[in-house]
Every structure is written in C-alpha cells, then in structure tokens.
2 protein chains.
Amino acid sequence: MSDIKKIGRPRSFDYEEALSQAMNVFWEKGFNGASIRDLTKAMGIPAPSLYSAFGDKQELFLKAIDLYSDGDNCEPIVALETEEDIETAIIRFFEAIIQYATEHESGAKGCFLASCATTSVGQVEGVGSRIRASIVDTEIRLAARFDREIAKGTLPASFPSLERAAMMFDLRQGYIFRGRAGVGAKELKRGLEERARMLVTS
Amino acid sequence: MSDIKKIGRPRSFDYEEALSQAMNVFWEKGFNGASIRDLTKAMGIPAPSLYSAFGDKQELFLKAIDLYSDGDNCEPIVALETEEDIETAIIRFFEAIIQYATEHESGAKGCFLASCATTSVGQVEGVGSRIRASIVDTEIRLAARFDREIAKGTLPASFPSLERAAMMFDLRQGYIFRGRAGVGAKELKRGLEERARMLVTS
DNA sequence: CTAATTATATAATGACCGTTATATAAAAGA
DNA sequence: TCTTTTATATAACGGTCATTATATAATTAG
C-alpha cells in the first residue's frame, strides 16, 4: 500500500517526519505562537508544500494531534505496564511523567495534548473531541493495569479500577502543570510513594 | 491614599475594571490569541491609553495575573473553608471547580492561572514565578483546612495535611483539563464522593 | 515524444499585528 | 491667566501574519 507509483512529481520530503517536526513546534510555542514560518523552517519545506500536503494551519495542527495520539510510545504508560509490582509501577509511571514535565527536549514540556492542544479548544474545531477520545483511551489502558492485578489476586475483585485510573490521570495533570510552571523534578517527587500507596488501597 | 489629587488630566476609565476586562479576554483567547484590538475593545479604551496605563501587552498580562492572584474570591476555596464537615467540604470544593471548568461565563473556562497563564510560561517572563507563588499560597490554604480538623480532633495529629492539600490541587488540574476538553459537569461529578473519602483517610 | 499531473521555488498578497507620533483636551500649580 | 502635566483621540508605522499566484521541475500515461 505504501510503494504504489503515483503520477506527478514525487514529494521530496518525508511526510511523517515533517509532521513530527511541526508537532514539536506547536508543542513548544502553542497553536497561535507557532507561525507558518516557524513551521516551514522546522519542517524543511516551503509554505506551498506545507499547504498542499497538510492543508492550512488548523488542519496541520489536527494532523499533529492525531500523530501524537496514534503514537504508542508514551513512556509513562509503558513504564506502568512493564513493571510487575503495582505500587512500583505507579511510582515509575509518575516518575516518567515528572521527567517529561521537567526536562523534555527542545523546550516542549509536559504532554502535547495536556499542555498544548488544550489551549486551542474552541479556537480550532476538532481539538476537543480528539482530546476526549484520548482521555478515554488512556484511562482504559490505565484501568487494565489494575485489572491485571485483580486477575493476579493482589487486588480484590471489588477494586474500582476505572475510578483509580481516572485519579491517576488527574494527578498527572497536576505534575504537568507544576512542571510547566518551573517546579523541579526533585520537588515533584516528594510524597510520590504515599500517593502510590493510596492509589492501590481498597 | 486613593483620593489624593493628581495633576494632569484625570483618567476617564476605571483602572481595575479595565484590567479585569483584559483578564477575561486573555482567559478566553490566551496571551497570543488576544490581540491589542480585542483588548482595547473589551476594556473600552483606545490603544494609547492602554499603553500609558498598563505598559505593553506583556506587562498587561502580568498585571492581569496579579489581579487574579490577589482576588480572594476563589469560590472553590471559600466553599472548602465554609462547609464544616470536612468530607462535604471537599465535595463542595470540587463541585465549585467543576462548575468553573464547565460553565464559566464568557467562554473563559477553568482557572486563569491553570489553563491560560500556564501556556505563556517561557514566552512572557515572570509568569512562571507568579504561578509557583500562587501554587504555594493555595496549598497552604488548603492544608490549613485539614489542620483545622486536626485541631478539632476529627483527624489525627499525624494527618499529612500538606501532602493531601497538594493532592487536592493536582486533582483539580484534572477537572480543569477535562472541562476544557468539553467533558460535562455530570460526568465529572462521578466518583467524587469516593475521592473525598480517600483524601481524608489516614 | 507529448500531454497530464503533481511538487517545488520564488515572491507577492491583503490583513492584521503590536506599538507609537501627533495633536488636542482636561486637570493642577503658579 | 498661563504653564505644566497627564490623558485622550486619530491615525499611522513597519513588520509579520496566513495564504496563494505564478512559473518551473520532475514524474507517469499514452
């Protein structure tokens, strides 16, 4: 499906790579703060190529959101799913979030959806629905981790997986917010163990 | 101190009122999204008056943040402090936040600091430090509510007031995020009682 | 080869951006 | 009254914004 020959002059840049670069610019500067010049410079293509390949700025932004959402490389969740002990897993989850929130490369901090896309709800149609879909997806994935413990028998069958998953999600927003405001990783990690303990307490 | 006669032509608009209107515009559209024309229109003054009274756009933004921070009219905190029963107080606290997050007037949703000012950290100098100061203030105030319960004897002396206050603060960010994304109040209130119970469990 | 199709490069478009000259009006001090 | 001081009103400034005309290059179809 990918190497079918298309008529016309072939593209001289990689679509996904360029989109990824655009996402980084949005991440760093926000939707309004990112100018077309910023974007084309980072993407390495002139403006007309951007418009013909991605549509206008709003469509490009939506495509960047989709690229981010589809990426399964969210380190915090991977950490949560990898670690066997549930309490340690939660700690690793938040530690990864704290790292994202405080020292992510290229000035982009936090979560692209949480700290960048959110701002543009109401300004760019389609952002809100995408974020809501992502929230549902994430919570399901987090809840599944608790369900695994229920299956293992380390958590009771009555354990409210989805509620605790939602709570983890909301706490995450707090870390991202603090990180954005400039609070350091060391300070953010204080009290982490107690939080993990609370989250698995029935 | 306020009715000293100053020389020169007196101002024809109310300083705080105009600043408040500016804040609303920033709240709704963000720092970059709010143009000087938007601001002057909402403030009811021409551009030169804006510049002479508030400085440039960045200074106006910082003054708006200060106005918001100094305002003691934060309904959620008032609700928390007013209600006597601690668990009910927490529920009222979050209910007020949910209302702010979902149906605040004039398009502005959430918390001015959390969902607007945050975006401009790194773009406008002085925003980060102001937000951090506000975080500390808020947490101290929230913790004080728990301390009151300790004094009353309804919570043990060992109760970790500050940690739980920080947790409430972070959960708040989750509500604001969801509200911004368009999640409704009804859905946000699900599980609220359990959260309140957890927050006061030692 | 020629025609059709698509991407590129260059540069221009009008609109709006934040900001500021300029001139005038309204107050206090002398 | 006349000067000084500050605020107002009007309009303009250069710069940048998102977007697109125009012309050219590279590919496939026939």
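Residue numbers begin at 1 in each chain, while the letters A, B, ... track the order of the sequences.
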- Task: Figure out the CG/P separation between A:D14 and C:dA7, and round it to whole Å.
- Result: 15 Å
- Tell me, please, which residues at least two apart from A:Q123 pass side chain to side chain donor-acceptor pair (under 3.5 Å). A:N32
- Note on the structure: Per-nucleotide protein contact along nucleotides 8-14 of chain D, 5' to 3', at a 4.0 Å heavy-atom cut-off (B base, S sugar-phosphate only, - neither), is SBB----
- Partners of B:E125 by salt bridge (charged side-chain N to carboxylate O under 4.0 Å, His left out), sequence neighbours excluded? none
- Using atom CG of A:L39 as one end and atom P of D:dA18 as the other, report the distance to the nearest whole Å. 8 Å
- Task: Let me know the distance between CE of A:M43 and C1' of C:dA7, rounded to the nearest Å.
- Result: 14 Å
- Which pairs with one or both residues in residues 39-49 of chain A pass side chain to side chain donor-acceptor pair (under 3.5 Å), sequence neighbours excluded? none
- Query: Rounded to the Å, how far apart are A:F61 CZ and D:dA18 C1'?
  - Reply: 16 Å
- Taking only residues two or more places apart in sequence, or in another chain, which ones meet B:R37 in a salt bridge (charged side-chain N to carboxylate O under 4.0 Å, His left out)? none
Look for any protein N or O under 3.5 Å of an N or O in nucleotides 13-16 of chain C and output each such pair with its distance, or none.
none

- Polar side-chain atom of B:R178 near backbone of B:I98 as donor-acceptor pair, under 3.5 Å: no
- Message: Please list all pairs meeting ring-ring contact (aromatic ring centres under 6.0 Å, His included) that have one or both residues in residues 112-149 of chain B, counting only residues at least two apart or in different chains.
- Response: B:W27-B:F112, B:Y68-B:F112, B:F146-B:F159
- Query: Which comes earlier along DNA chain C counting from the 5' end, the contact point of A:G8 or that of B:D56, where each point is its nearest nucleotide?
  - Reply: A:G8
Table please: side-chain donor-acceptor pairs of residues 58-66 of chain A below 3.5 Å, with sequence neighbours left out.
{"from": "A:D66", "atom 1": "OD1", "to": "A:R130", "atom 2": "NE", "distance (Å)": "2.9"}
{"from": "A:D66", "atom 1": "OD2", "to": "A:R130", "atom 2": "NE", "distance (Å)": "3.4"}
{"from": "A:D66", "atom 1": "OD2", "to": "A:R130", "atom 2": "NH2", "distance (Å)": "3.3"}

- Note on the structure: Residues passing the salt bridge (charged side-chain N to carboxylate O under 4.0 Å, His left out) test with B:D137, sequence neighbours excluded, are none
- Message: Just the rounded figure in Å: distance from C1' of D:dT6 to CZ of B:F54.
- Response: 15 Å
- Message: Test of understanding: with side chain to side chain donor-acceptor pair (under 3.5 Å), list the residues that count as partners of B:D14, not counting sequence neighbours.
- Response: none
- Measure the distance from CD1 on A:I7 to P on C:dA7 and round it to the nearest whole Å. 10 Å
- Query: Which whole-number value in Å describes the distance from A:K6 NZ to C:dA4 C1'?
  - Reply: 17 Å
- CG of B:L60 versus C1' of C:dT19: gap in Å, rounded? 14 Å
- Would you call B:K152 and B:E84 a salt bridge, taking side-chain N to carboxylate O under 4.0 Å as the test? yes
- Of all of residues 115-126 of chain A, which get a heavy atom below 4.0 angstrom from DNA chain D, listed by number? none
- Query: Quick one: salt bridge (charged side-chain N to carboxylate O under 4.0 Å, His left out) partners of B:E16, sequence neighbours excluded?
  - Reply: none
- Out of C:dA28, D:dA18, C:dT19, which nucleotide sits closest to the side chain of A:I36? D:dA18
